[in-house]
Novice: 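Pasting in a structure now, in structure tokens, and then I'll have a few things to ask.
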Amino acid sequence: MSWLPLSFGAPMVLWGLLALPVIWWLLRFTPPRPQMEVFPPLRILARVLRREETPQQSPWWLTLLRLLMAALIVMALGEPVFNPREKLPAEGAALALVVDNGWASAADWNKRVATAERLIADAGSNGVPVVIAFTAEKPNAEIGPFDASAALDHLRAAKPRPIPTDRPAVYARVAAALERLPGASVVVLADGLAAKGDEAAFRTLLEKNATRLVWATSDRPSVTGLIGAENQVDGFALTAIRAPGNPAPAQVTAGAFDDKGRRIADATLTFAPGEATATGTMAVPFELRNDFASIALDGERQAGAVRVLDESSKRRRVGLLSQAEADQAQPLLSPLYYIRRALQPFADLVEPSSADLADAIPQLLDQKPAMIIMADVGTIPAQVKQRLVDWVDKGGTLVRFAGPRLAAAGNDDDLLPVRLRSGERALGGALSWTTPQAVTEFPKNGPFADLSPPSEVTVSRQVLAEPTPDIVERTWATLADGTPLVTGMKKDKGTLVLFHVTPEATWSNLPISGSFVEMLRRVVQLSRNQGAAIANAEATAASLAPYRMISADGMLTPPSPDARPLVPGAGPLPVTLENPPGLYGSETGVFAHNLLDASSTFTPLVRPQVSLPVTAIPYAFDESENLKGPLVAIALLLMVLDTLAVFGMGGLLARRPRRAGTAATAAAVLVVLGGLFGHADLARADDSKPGDTQAIEDISKTRIAYVITGEPGVDSISRAGLEGLTRFLVEKTALEPGPPAGVDIAKDELSFFPLIYWPIDATAPMPSQAAIARIDAYMQQGGTVLFDTRDQFSNGIGAGSASPATERLRDILGNLNVPPLEPVPSDHVLTKSFFILPEFPGRFNGSPLWVEASLDASNTENRPVRTGDGVSPIMITANDFAGAWATDENGDPMLPTVPPDPMQRIYALRAGVNIMMYMLTGNYKSDQVHVPVLLERLGQ
């Protein structure tokens, strides 16, 4: 039983309200005990025979108090519920809830839980067992069947996970559980994104034992994810995705955060209509970009909108140095040509302005590079050598390439990773090969361990390292004969690296191979302590410990107990419950493991086509409220008041010495009761009445009113139109009206306004008889109502086939005392009250303006309009005056005129001015125009 927005769980109890008249009769003739006062001088009267007297009636206010208390108790026993919710389908042999709790469900997870709670509650009221399963939990998680209480416990213990869903495995488990419960209702609370294997998963779940499918849909816009964040030359390039097919353009804002969570950069990404990919760039200096620890999309509280960054996303400043003079005619022979081409995409390159090493090296060091590459640099000047050594010891990475100058310079223990033999080894030389040597597998202890050896690379000339006990540990790449190709070593906090070949393709074709780029990239990553730590960890450790994880709502949190160490490898790593997205490693270096990769796409989930009955429900909170408790509380307070009243009438409270305390208690009870019932004014400091302030405001200035129809579009145009007319009146006349007022004709005071504009809309509710009666009284007392049907293209008021708006107007006028009407005559006061107007157009043109007819409308020579007339209480048009007057905040018209003539809008505004002047001056203008005629008649 339900009367929206109130329903009763036990409506039969409400029949008890019929007993209220009986209770009233009993209370009416059962007065409270009279107060007794002892009067000693009259004690003798006690011996006088007493007469039997009829008791007085109970006070009306006490009777009303008790009736109200009884009614509240009856209503409370009826289990009242405010804003009752619709009962969800939870019938059948069982209720199977399959809930997506992956990363895409995090943004509206509370709504999903509230929806599932209502379903479980309804299943519990029907005595139906519940099977509940989550698609992003451990494979062995218990799914039931449970009773309603246990199912609610499992639901409330669940939370969204920052991983993809696994519908096929979970749906198969639910289908197996339903084999013992045929005829179940299956509820799918999906996250809206399709995944691999969905079609087969739904077929497994629904084809056998399900009798009904309940499909929940979300009102949230499609999710947006961040699939790319690349540190390029001119800025951080970002790529975001959304579900395809969205016709609306959209903009999202991305923010970059440092390792302390401070926002340090922004970028805007724009989705074109129908496009699923958006790009943007954070154009900030690379020093600031290197502080980026994470990038997140604003407003997207889910893990797919966050990307964490590690050392591989940081750009380094690399200094390039060579003793060879640049030959612009033969750039391919330049020692730095291939190095520049290899490093430019992922490093910021700087070069000195001087070719003199004594000046060039300080110039590079002043720019604080992370790495310096020397291409065939021989002996380093003594005055700058110590500064270069100090730079390496403090964390710098020095990469040197061999060549004739380096081979002739001899050993430098401070700036070379190994000792070199004098001279060089060449094909056909003293220490020669018979054939060029190829590159073998990269050693496992070096930074190139996971790279494949380049089969196309051969070496025909190199500088040789002296065989020492630690030569194997310092070798990062070797040739087929076992001689080192690349050597490196840690020196204090820095790194020394030597390529035993030249940087141009003279001693080897390594510089023109793809492996050269990857090798330099790995060396660049070693140019910081974090990069070194991670490179070494990847090479020597089997796994990286969880450090900071991305939660389902996109926040960086400590690792959960389920997180396990991550084993790095080539290619994208899967995101699982054991390896959730986040940072792995330690404070010395981290590895970024993100949820989405560059190939990720979003595909909307489509409801499966099944032969079962399907019910679609929205995700929503339960906004119903049980009123039993508040009603019982109010009844108890009324009982306290009743008791206090009885005590007071019996004189018990009067005998108390502390009357002030009792009065304070009663006042406190009244305040609490007033708070429960709503806003109650226990006392007023003055004699003002509600609405006095508004009334004073309404009469302080002339204001035009419009009728609030309840249709937002119509009411907004009405208000904008009257505001536009008000501005025009201020500009063109001496009248300065106040802002227009919207009135509710059913309850607002109408007499404050000389003119009420009423746009007739057929879809608006029909006014009540009382409201129409108030309009009729307003018109009889001198006010004017301007009815606007806004349907000029229909046949009008007097046509046989009328528009819906005209039909509605006829219904309204049928309940009013409408005088005879006629179109405004050419000599009516309205045509000359301010402007001389032959017609009264609005947004449309062609419909006449109807006013009260003159007393002798057929006598055109001697109508009262020619000698002065009063103000018509009614005006009717179909030209949409407000649509022509309506302007926006900038003063621009909101609606076009029909036909599109700019002067038509001017004439419409002039018509509005004439109507207002006519309303305020009445027959004044008519008398002035006809002064000669009046004088002539007086002369006769």
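Computed over heavy atoms, backbone and side chain alike; hydrogens, waters and symmetry mates excluded.
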Novice: Report the distance from atom CG of Leu577 to atom NZ of Lys138, rounding to the nearest 0.5 Å.
Specialist: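 So the CG of Leu577 and the NZ of Lys138 are separated by 7.0 Å.
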
Novice: Considering only NZ, NE, NH1 and NH2 on the basic side and carboxylate oxygens on the acidic side, decide whether Arg263 and Asp266 come within less than 4.0 Å.
Specialist: yes

Novice: Is it true that atom CZ of Arg341 has more than 12 heavy atoms of other residues, nucleotides or ligands lying nearer than 6.0 Å?
Specialist: no

Novice: To the nearest 0.5 Å, how far apart are OG1 in Thr603 and NZ in Lys196?
Specialist: 13.5 Å

Novice: Which of parallel (below 30°), tilted (30 to 60°) and perpendicular (above 60°) describes Phe202 and Trp215?
Specialist: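 Ring orientation of Phe202 relative to Trp215: tilted.
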
Novice: Find out whether Leu238 and Ile295 are in side-chain contact, i.e. whether some heavy atom of one side chain is under 4.5 Å from a heavy atom of the other.
Specialist: yes

Novice: Give a yes or no on whether the ring-centroid distance for Phe292 and Phe257 is below 6.0 angstrom.
Specialist: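 For Phe292 and Phe257, the ring centres are not under 6.0 Å apart.
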
Novice: Could you tell me whether Lys491 and Asp393 make a salt bridge, using a distance below 4.0 angstrom between a side-chain N and a carboxylate O?
Specialist: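 The answer is yes: the pair qualifies as a salt bridge.
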
Novice: Count the heavy atoms of every other residue, nucleotide or ligand shown that sit under 6.0 Å from CZ of Arg301, and state whether that count exceeds 12.
Specialist: no

Novice: Cut-off 3.5 Å, side chains only: do Thr440 and Thr478 have a donor facing an acceptor?
Specialist: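 Side-chain D/A pair, Thr440 to Thr478: present.
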
Novice: May I ask you to test the Thr458-Gln437 pair for a side-chain heavy-atom distance under 4.5 Å?
Specialist: no

Novice: Please say whether more than 12 non-hydrogen atoms of neighbouring residues, nucleotides or ligands are located less than 6.0 Å from CD in Glu199.
Specialist: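 Check fails, neighbour count at 12 or below.
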
Novice: Might you work through the salt bridge (Lys or Arg N to Asp or Glu O under 4.0 Å) test for Glu275 and Arg242, ending with a clear yes or no?
Specialist: CA-CA 8 Å; Glu275 293 294 329; Arg242 65 175 179 176; over 6 Å; no

Novice: Do Ser105 and Asp100 have a side chain donor and acceptor closer than 3.5 Å?
Specialist: no

Novice: Does the side chain of His500 come within less than 4.5 Å of Val418's, by heavy atoms?
Specialist: yes

Novice: Around Glu456, counting heavy atoms of other residues, nucleotides and ligands shown, do more than 12 lie under 6.0 Å from its CD?
Specialist: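 Correct, the count exceeds 12.
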
Novice: For the pair Phe448 and Trp476, name the ring-plane relationship: parallel under 30°, tilted 30 to 60°, perpendicular over 60°.
Specialist: perpendicular

Novice: Report the relative orientation of the aromatic rings in Phe516 and Phe499; use parallel for angles under 30°, tilted for 30 to 60°, perpendicular for over 60°.
Specialist: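 Perpendicular: the ring planes of Phe516 and Phe499 meet at over 60°.
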
Novice: When rounded to the nearest 0.5 angstrom, what is the spacing between CZ in Phe134 and CG in Leu155?
Specialist: 5.0 Å

Novice: Rounded to the nearest 0.5 Å, what's the gap from CG on Leu485 to OG on Ser508? Could you check?
Specialist: 6.5 Å

Novice: Answer yes or no: does atom NZ of Lys159 have more than 12 heavy-atom neighbours from other residues, nucleotides or ligands under 6.0 Å?
Specialist: no

Novice: Less than 4.5 Å apart, side chain to side chain, heavy atoms only: is that true for Pro454 and Phe442?
Specialist: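 Yes, at least one pair of side-chain atoms sits under 4.5 Å.
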
Novice: Going by atom types only, do Asn101 and Arg161 share a side-chain donor-acceptor pair under 3.5 Å?
Specialist: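 On atom types as modelled, these side chains do not qualify, holding no pair under 3.5 Å.
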
Novice: For the CG atom of Asp470 and the OG1 atom of Thr487, what is their distance to the nearest 0.5 Å?
Specialist: 10.5 Å

Novice: First locate atom CG of Asp108, then atom CD of Gln302, and finally report the distance between them rounded to the nearest 0.5 Å.
Specialist: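 Output value for this atom pair is 10.5 Å.
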
Novice: For residues Thr224 and Phe602, report the shortest heavy-atom separation together with the two atoms involved.
Specialist: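 That would be C-CE1, 4.0 Å.
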
Novice: Please report the C-alpha distance between Ser551 and Asp553 in whole Å, then the side-chain angles of each, then the deciding distance to 0.1 Å, and finally whether the side-chain hydrogen bond (donor to acceptor under 3.5 Å, both in side chains) criterion is met.
Specialist: CA-CA 5 Å; Ser551 63; Asp553 59 358; 2.3 Å; yes

Novice: Is a donor from one side chain sitting under 3.5 angstrom from an acceptor on the other, for Asp562 and Ser560?
Specialist: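 Judged by distance alone, the side chains do not pair up.
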
Novice: What's the shortest heavy-atom distance between Leu583 and Leu309, and which atoms?
Specialist: CD2-O, 3.9 Å

Novice: For the backbone of Leu479 and the side chain of Thr483, can you confirm whether one donor and one acceptor N or O come within less than 3.5 Å of each other?
Specialist: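 Flag not set: sc Thr483 to bb Leu479 has no pair under 3.5 Å.
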
